[in-house]
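Inspection log for the structure reproduced underneath, given as structure tokens.
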There are 8 protein chains.
Amino acid sequence: QRTGFAEVVYCSGKPDAYLADIYKRLLAEQGEVFGTRATPEQYELVRRQLPDIVYDPVARTLKQERPDKVRSGCVVVCTAGTADIPVAEEAAQTAEFFGAHVERLYDVGVSGIHRLLDKVDLLQQANCVVTAAGMEGALASVIGGLVRNPVIAVPTSVGYGASFHGLSALLTMINSCANCVSVVNIDNGYGAGIIATQINRLACK
Amino acid sequence: QRTGFAEVVYCSGKPDAYLADIYKRLLAEQGEVFGTRATPEQYELVRRQLPDIVYDPVARTLKQERPDKVRSGCVVVCTAGTADIPVAEEAAQTAEFFGAHVERLYDVGVSGIHRLLDKVDLLQQANCVVTAAGMEGALASVIGGLVRNPVIAVPTSVGYGASFHGLSALLTMINSCANCVSVVNIDNGYGAGIIATQINRLACK
Amino acid sequence: QRTGFAEVVYCSGKPDAYLADIYKRLLAEQGEVFGTRATPEQYELVRRQLPDIVYDPVARTLKQERPDKVRSGCVVVCTAGTADIPVAEEAAQTAEFFGAHVERLYDVGVSGIHRLLDKVDLLQQANCVVTAAGMEGALASVIGGLVRNPVIAVPTSVGYGASFHGLSALLTMINSCANCVSVVNIDNGYGAGIIATQINRLACK
Amino acid sequence: QRTGFAEVVYCSGKPDAYLADIYKRLLAEQGEVFGTRATPEQYELVRRQLPDIVYDPVARTLKQERPDKVRSGCVVVCTAGTADIPVAEEAAQTAEFFGAHVERLYDVGVSGIHRLLDKVDLLQQANCVVTAAGMEGALASVIGGLVRNPVIAVPTSVGYGASFHGLSALLTMINSCANCVSVVNIDNGYGAGIIATQINRLACK
Amino acid sequence: QRTGFAEVVYCSGKPDAYLADIYKRLLAEQGEVFGTRATPEQYELVRRQLPDIVYDPVARTLKQERPDKVRSGCVVVCTAGTADIPVAEEAAQTAEFFGAHVERLYDVGVSGIHRLLDKVDLLQQANCVVTAAGMEGALASVIGGLVRNPVIAVPTSVGYGASFHGLSALLTMINSCANCVSVVNIDNGYGAGIIATQINRLACK
Amino acid sequence: QRTGFAEVVYCSGKPDAYLADIYKRLLAEQGEVFGTRATPEQYELVRRQLPDIVYDPVARTLKQERPDKVRSGCVVVCTAGTADIPVAEEAAQTAEFFGAHVERLYDVGVSGIHRLLDKVDLLQQANCVVTAAGMEGALASVIGGLVRNPVIAVPTSVGYGASFHGLSALLTMINSCANCVSVVNIDNGYGAGIIATQINRLACK
Amino acid sequence: QRTGFAEVVYCSGKPDAYLADIYKRLLAEQGEVFGTRATPEQYELVRRQLPDIVYDPVARTLKQERPDKVRSGCVVVCTAGTADIPVAEEAAQTAEFFGAHVERLYDVGVSGIHRLLDKVDLLQQANCVVTAAGMEGALASVIGGLVRNPVIAVPTSVGYGASFHGLSALLTMINSCANCVSVVNIDNGYGAGIIATQINRLACK
Amino acid sequence: QRTGFAEVVYCSGKPDAYLADIYKRLLAEQGEVFGTRATPEQYELVRRQLPDIVYDPVARTLKQERPDKVRSGCVVVCTAGTADIPVAEEAAQTAEFFGAHVERLYDVGVSGIHRLLDKVDLLQQANCVVTAAGMEGALASVIGGLVRNPVIAVPTSVGYGASFHGLSALLTMINSCANCVSVVNIDNGYGAGIIATQINRLACK
Ligand SMILES: Nc1ncnc2c1ncn2[C@@H]1O[C@H](COP(=O)(O)O)[C@@H](O)[C@H]1O
Ligand SMILES: Nc1ncnc2c1ncn2[C@@H]1O[C@H](COP(=O)(O)O)[C@@H](O)[C@H]1O
Ligand SMILES: Nc1ncnc2c1ncn2[C@@H]1O[C@H](COP(=O)(O)O)[C@@H](O)[C@H]1O
Ligand SMILES: Nc1ncnc2c1ncn2[C@@H]1O[C@H](COP(=O)(O)O)[C@@H](O)[C@H]1O
Ligand SMILES: [Mg+2]
Ligand SMILES: [Mg+2]
Ligand SMILES: [Mg+2]
Ligand SMILES: [Mg+2]
Ligand SMILES: [Mg+2]
Ligand SMILES: [Mg+2]
Ligand SMILES: [Mg+2]
Ligand SMILES: [Mg+2]
């Protein structure tokens, strides 16, 4: 692959026949296959053809992974609340599929800052930290002030009212006064996982 | 006064003759006078009539205060950065003019969270905390997670690019996951100072 | 509790098993339990385990409260129209759960200003007034001009067209020319109830 | 005139030579002339040619009016604050130039609702009420609840921060729960004056 | 009625029991009753109690009108396309219920300007023209250039993409270079009908 | 030139030395030179080196054109008002420089629709119509309903208040119910001139 | 037809009876009929009356076309991804129905730029290129840099998060630094197809 | 330094006395000093105290750097146009100051894609690519499709009209279909330089 990554299936909206085919083809070609944004119905469909396929209803990933995969380096994936976990898991499982060792720090949002501060050592060991947060998205700035490696911030659509489906969190993160923070699209755990993998690979070379 | 507050002069855009008159009238009626958003030129103008008037070029307040004023209770005014200080001082001096004891905690933004955490005791003693922050405005949420009394968040127009002159900070603060945070208009230090005074007065009764 | 408030359950989107467990655990620990944004289905679910649980389909609260609770002070909760009552009740019941005495003034919007003016005495006795309004949200400013204690304004998503799901009311309230008005998120009755409780507690100390 | 109104000069940005010419031509043709958004420099320029021209530096109108004009009916023009007066005067003088009798009620904003309520009789006699207000623009709704004839609401760019140069007031007024309120562009006193004149003329026929 | 209008029922979201009661009460008190935004289900519900109630599924009005009503004056209601007719009919039937004679000019949008120009005489006879248009909303400006009485512009949510549910039409209408145009909320046919009635009544006095 | 167009100079913000050089180089290479968005100061500067350069202070073009140029086909350039002429001239002169015959129809906005309708024959002969309009931008739709060839709509930043510096006109034009309308950036007369030239060339082949 | 195009049916939201009638009438009058935005249900409905009607579930077109149609010239229709194909097909089939020869280049988005560059010859032969793209919409600019004839850019609502249902792609395209790009409404394949047809017709004359 | 970076001076808006002091202090402490957003006046001021200070009027950096600095790794900094160079230079000089080897690829925007494609080898050698682009910002996506390491996208405020001071470019970049793209604030070359340095350091370890 020119980009250094095997092809990933973005399941959302794929027609049934096409989805089953692409899963079979990629598994045959690559020995493993990874997809995101899969529905339970798509899982049932693909499972009929590939009985060993694994579905995670929280992350909405649909995958069959090589058993012998070695994971290296260190990526930390954090969330502000429990509602951000689906996005965080999309990021974490993407990074794991592409060979990164991942640590999870969930529900460490700023309203309970002490749970986060207890984990500063782990954060500082990461080659890259992925931060998923909705509502006001302040977690990215707090983490950005604690580490010396890049923070990839993923705004999530969690929230209501003036969160505007993730826009408020996106603006918070783009304006972060912590200089190591860069931002991907709302709910784009997949993109954050890819970038974290790239950085982790550079650090492991 | 029906509202419990002496009349305050909003100097911005007032014609010269009118401004000088209102300062003289209010000083005569109240024995003291307080104004906000004054320019250096307005200071020179008023000083010609009221030689004891005091101007603060940072807060842009223009005032003559009773010497014997007793201040009670505790309001804490915080800023994320030094550029937020003009707004914070507008709040602090408003609260002081109306009788609150004010403590200042400036430049304790989330990129240096430890400076803030060193002051948790002070924050927890406050009857009300005013928090002025621009850019991503995350400070309000962090403070909101540390205290049990109300936090008045003032978004400031400090920042550039996607800060949109304070809109980003406003959205951050309105979406705060800390439940004790409520928000006033961008750069409205005066309003925050009034509300902090009201809460402090209730606590001191 | 560090924040001075028992844990409250935000029921929206909680998985069934998790919701039932958290209700049982909190009732055991606290002797009472309070949740917001509950659906009728969640009520049925929790009731199977906790037969004394009470559901309010308007406020969408799901709670079991200590019978002997004493309520003190005075919080007034107002709405502009009848469609704002669900948000107002979330605020009112939150404040009541945490010990505030609450008076309700519903449907006193500016298109019938006289119904509001008849109640000025009550408004002026409140330690804090919570104002829920959608559409143009003008009620907060009118009330703000009548009282000397803080007004917590809750924009509601009531309206259509250019109300933009509460954004118009939010902007109205943030721009209020009444200085005692501060604002929480659209439909955030819970947050308004917490802040009103904090202010009322300070006044009752 | 097909539209029922003599030609009015919108002075803003007109080249000097063109402006002087159009004033001379219109005065010759119509026996009077009316212009809006004129600068002091434009006044000096036109005065050199038409020595009887009259400039109002607050309303920024530049006009020479027939001495014998009879004004009929009743239009009331209100403002929330003193800073809205330039827009209100543009409306009032437009209506007067086109033959309406105008009453002014300035600085009757909702933070001092009693000054407004004292004038309910006058408001109810108006064939049309023009309401100029910036910041949160709540005045239009309050007046709309008190009268039985149309209210033309003019949002003004008065305010700061989240007033967004009049957008907040515009949204407030468009969402007015008072059904007799319709809205013109931000700072468009001229348009409001024209519509008020049209309604007043229909009532006087 | 202080406002000069009988009470109208805004059916949207009203609980069933409450809706039936209010229809019965108003019919008893007023001898007729008018409601907007009614669903077919609400019609069935009310019809069980008031068998003579009439439902218009296009305008979504639900009404029982005095048979002997005399309508006077002239209001013209226009639409740009056929999809704007529901909003236009809400306006037209409101004005008719309150005694105005109404003429309808539907589907005369600017892409077929000649159909509109054929009706200039009718437009110029109207005391008030109501214009409902979505998408780009240009019709209001074209009509505004043809008449000498007020035009009430109603943006509709008709359109897709960058029409933003009526926002684009609203902005078009607010910026109209025709000075006789004022604007109400998106889809607010009712408000436009009330204001047209007020103007028509003044003209008929 | 791969694109079929000689290089054009976008003068805005170019450093002085660089601007003089590029004008000299292009004139040498091409025998003529065309630039847009030039200031009077830039004209003086370039004129010192190229005495035959021609500056149009309205269109802000700075050019030296081959005397023997033959112009063919037909492009019509329209404006709604006189304030839109600078943008229209940028379009017209661009098309002329690249060989199109251009007809101008200025100040034919919808508030005086008859001036436009008098010119329908000319509009229908054009291979392409460029329409520059600010404020509500309705002219593009009206013209789009009258012709059978493409209309390039240029929103202009002319207007105030809710015109939002051309955004309102842009939205109007993008939502045009006339299917032959496509849109370029606000004030982008140059781009419209290029596209009109391309279409005119195809028609002249 | 004054506009040079037969009447096309915009099926979205048309009542059943009306839809069947209009299809029958147009087929009778024109010998063929073309409609857009048809649902499968509408297809079933129309087919009962016109058994030879053809439905394309991807493009959502519903048509019966003359068998002997000759197509001339060259329009190229491109998409960035597969999800943009419905919009592209609406454009392509519209152009084909009105007599243009159309070439399709699908899934040539900028993340695989080489697939696009392989087709530069085809792009340069087109009289007009239609480009449908969602998300960041960068394809229009890349194509605009490769051709000398007009590019009609159609933003699509494909994407999530900060794509804001096509707004992001629309802004990208409107700001295109390629001067030959003009833009139609989000998802408006039909409009793009009409304009491409107009340009292609001019080139074929 | 906890963050791994020496203190950098953000010169914008710093009072004169404070600026001179901080430059002297940092040079004494660190042996070198780096500042951004400096004006020519600030350069004159600082130069009076530190005669060896170097000012770059394009990047607006003000620095004195250790002569013996070794730069390692590879960061590529690209711009779409020449007007983006100030932002790019802020990024490039930041990365150089902190020890990265930087290659510059300026003016390789998508309207001349071949200049970019000639440099694919260099892009693919970079540990991180920084891409500064305004207007439609499409360059980030094109580069993102060509490399396997992270791309840091910096939207610039270059553009006019609907570029909304960089917002359009920001949205383009956030929606990039290239998964390796993450985004910082508009014009934030400094932040991009820091993140590129962090990634480059990890790759060089
Ligand atoms: N959750 C996701 N969000 C954004 N992009 C994704 C996601 N999952 C996969 N992708 C991208 O989508 C590509 C496949 O898209 P498609 O060809 O439409 O299936 C993958 O190669 C990834 O680059
Ligand atoms: N209606 C509400 N709106 C906003 N926040 C709420 C609401 N109800 C509860 N909360 C907050 O949500 C917290 C619980 O969130 P969770 O851990 O997701 O259940 C509570 O402690 C409250 O701080
Ligand atoms: N203050 C104003 N705001 C909006 N429109 C105005 C104003 N003053 C005058 N006009 C309109 O502008 C027209 C004259 O415009 P112009 O031809 O540009 O001078 C008048 O006939 C009015 O319709
Ligand atoms: N997909 C489409 N998007 C926008 N406009 C369309 C579309 N399809 C057809 N139209 C236009 O809609 C007109 C018919 O509209 P109607 O009279 O509502 O059926 C046609 O003549 C076209 O101008
Ligand atoms: Mg950053
Ligand atoms: Mg809050
Ligand atoms: Mg306030
Ligand atoms: Mg209204
Ligand atoms: Mg108007
Ligand atoms: Mg169009
Ligand atoms: Mg362009
Ligand atoms: Mg990305």
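In what follows, chains carry the letters A, B, and so on, assigned in the order in which the sequence lines appear, proteins first and then strands, with residues in each chain numbered from 1. The shown structure was predicted, so the numbers you read here are calculated from the model rather than taken from an experiment.
- Between G:Val183 and F:Ser182 the shortest side-chain heavy-atom distance does not fall below 4.5 Å.
- The greatest number of non-hydrogen atom pairs below 4.5 Å with chain G, out of F:Val151, F:Asn149, F:Thr197, is found for F:Asn149.
- Within a 6.0 Å sphere centred on OH of F:Tyr18, other residues, nucleotides and ligands contribute 12 heavy atoms or fewer.
- Residues G:Gln198 and F:Asn127 are not in side-chain contact: their nearest non-hydrogen atoms beyond the backbone lie 4.5 Å or more apart.
- Residues F:Ile152 and G:Pro150 fail the side-chain proximity criterion, which asks for heavy atoms closer than 4.5 Å.
- No side-chain heavy atom of G:Val184 sits under 4.5 Å from any side-chain heavy atom of F:Ile174.
- Annotation: the span from F:Ile199 atom CD1 to G:Cys128 atom SG amounts to 7.5 Å, rounded to 0.5 Å.
- Atom SG in G:Cys177 sits 12.0 Å away from atom OH in F:Tyr10 (nearest 0.5 Å).
- With a 4.5 angstrom heavy-atom cutoff, G:Leu170 touches chain F only via side-chain atoms.
- With values rounded to the nearest 0.5 angstrom, F:Arg148 atom CZ is found 8.0 Å from G:Arg201 atom CZ.
- Residues F:Ile195 and G:Asn179 are not in side-chain contact: their nearest non-hydrogen atoms beyond the backbone lie 4.5 Å or more apart.
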